[in-house]
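Some notes on the structure that comes next.
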Amino acid sequence: MITLDHVSKTFESKGRTVRAVDDVSLTIGAGQLHVLIGPSGSGKTTTMRMINRLETPTAGRITVDGRDVLAMDVVELRRSIGYVIQQGGLLPHLTVAENVAMVPRLLGWQRHRRRERAEELLGLVGLPAGQFADRYPRELSGGQQQRVGVARALAADPPIVLMDEPFGAVDPITRKQLQRELRRVQAAVNKTIVFVTHDIGEAFLLGDQIALMADGRLVQNGTPADLLRRPATPFVTAFTGEDRGLRALEYTTLAEVADAAGSVPATDGDTLPGELSILEAGRELARRGETGVDGFWVSDRGGRKTGYLSYRRFAAMLGEALGPAGATAGEADGDALPA
Amino acid sequence: MRFLRENPDEVLLRFGEHVQLVAVTVALGILIGVPLGILVTKVRWLQRPVLLATGVLYTVPSLALFAVLIPYTGIGRGTAVVALVVYSLLVIVRNTVAGIEGVAPLTLDAARGMGMTGGQRLRLVELPLALPVILAGVRLATVATIGTATIAAAIGAGGLGRIIFDGMDRLDSDRIAAGAVPAAALALLADWSLGRLGRAFWHGGESASGGE
């Protein structure tokens, strides 16, 4: 578990003080994929980089499993946290296998054990070791490099992985594929993942929890359903709805996507008409507010409950359909490195 | 080619001296220049003064530098080596700096995030990636030294310059050519082989190609 307790980061730029992160408190549960999202300059990347001390907070406290990160040895801390960045950040002079095995090498693993581990992880991210292990990063496509980056972060089996816009530099189709892949990998390894993005579709598709930031402040933290149903401010509504891909959701109805009623245990919860589009359903859910149940029923024209849809799946579908926004995909993130 | 045919032993001897002079100079240039280059990328305030100093020394005409050194290091090979090393430092230091500073910030960020110490970053990331640029500097320094070393014969350092100076004294163009042609050939050979070596270490598109 990671906790941020009233964390701030200020730095001097051209004689004035900039608050990159302003009094952020956040708990990131073990085994959760927690998305930090916000526009450029919102402080999401800086927030993440303070966890492995690539940035030092100017106020507040960050703990990992109860230990204050500032009290830990910085090298040891970083080796216990996987780190994935845009374009993978691969070392161009080392082979794919050597890249993947870098942290184990720093930790002093034997050569053959490193190799074995690298091959195992390449298999996990869908790059057959026989074909890829001995190639150099420049011989790989952007998407393949990104997979190697993920494999490298997992190599020493760290409980926590930080991902800084990991899929920001690949084309939309590859991106979607990598996102699905990450969900599959996460289901297999169950890490605590902090995932920075500015793509709301990506956030909905991947996030167990989403923390929305703006101007260094945490605007809302909650599940995807929370952000949809109980937007804390108009900014949340605008941000979750600004994507043009949203229109695609107007053409899909709940009846088409709900699980058959018999396949899930009966619970309480709202019932929505099956002819509503996913987009309309999202608005309707926001209007009705919290019910305390993990999903809602879908009815036919006669009012009979014919299907059930969990908020998790509902959010994932939104994520699928939203996709990377054309306007924001690949955009350089201004808050990556305060200059 | 008459002189070469009649005195192959002398040409070979001077050629050997020349190669030795250049090899000692470049080896010392690397031993001093590369660590100095690394140092000034880590201790940033040293960078400007060091690059300025090597730059100023580089502009001093070689014959003048030899003359200035003679009272301290005497006549002969020692003086020549000192002066030639001083000349080689500029490109070697400058290219070491360019190579290390050309490593992509993203790559360094990844290295830091993985938990590399400063020493590990230097050894496992910065130096390997800077190597092609450093080698380009060594190549330039080598070629330049082969040329300047001919002048060192004027202060008794031997080498192919000895034959050239003798030829000039006797207005014997054949003798001059017997010194100049092997020197030029040596320079071309060094340039070509070090160029090949540099390409072998090139890993594509990553670091800046400064120096060439």
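Below, each value reflects all heavy atoms present in this structure, side chains not excepted, and no hydrogens, waters or symmetry copies. On a predicted model such as this, the values are computed, not experimentally measured, just so you know. First the proteins, then the strands, lettered A, B, ... as listed; each starts at 1.
- Scanning residues 112-123 of chain B against chain A with a 4.5 Å heavy-atom cutoff picks out Arg112(B), Gly113(B), Met114(B), Gly115(B), Met116(B), Thr117(B), Gln120(B), ordered by number.
- Inspection of the Thr3(A) and Thr63(A) side chains reveals an N or O donor paired with an N or O acceptor under 3.5 Å.
- Residue Ile81(A) touches chain B through its backbone alone, counting heavy-atom pairs closer than 4.5 Å.
- Between Phe132(A) and Val148(A), every side-chain heavy-atom pair lies at or beyond the 4.5 Å cut-off.
- Ion pairing between Asp134(A) and Arg115(A) holds under the 4.0 Å rule for side-chain N and carboxylate O.
- A salt bridge does not link Arg79(A) to Glu76(A): none of the charged nitrogens lies less than 4.0 Å from a carboxylate oxygen.
- Salt bridge Glu116(A)/Arg113(A): absent, no basic N to carboxylate O contact under 4.0 Å.
- Judged as a side chain to side chain donor-acceptor pair (under 3.5 Å), and not counting sequence neighbours, the contacts of Asn99(A) are Arg152(A).
- When Val103(A), Val84(A), Leu107(A), Leu77(A) are compared by the number of non-hydrogen pairs under 4.5 Å with chain B, Val103(A) comes out ahead.
- Proximity to chain A (any heavy atom under 4.5 Å) is shown, for Leu124(B), by both the backbone and the side chain.
- Using a 4.5 Å heavy-atom cutoff, the side chains of Arg78(A) and Leu54(A) are in contact.
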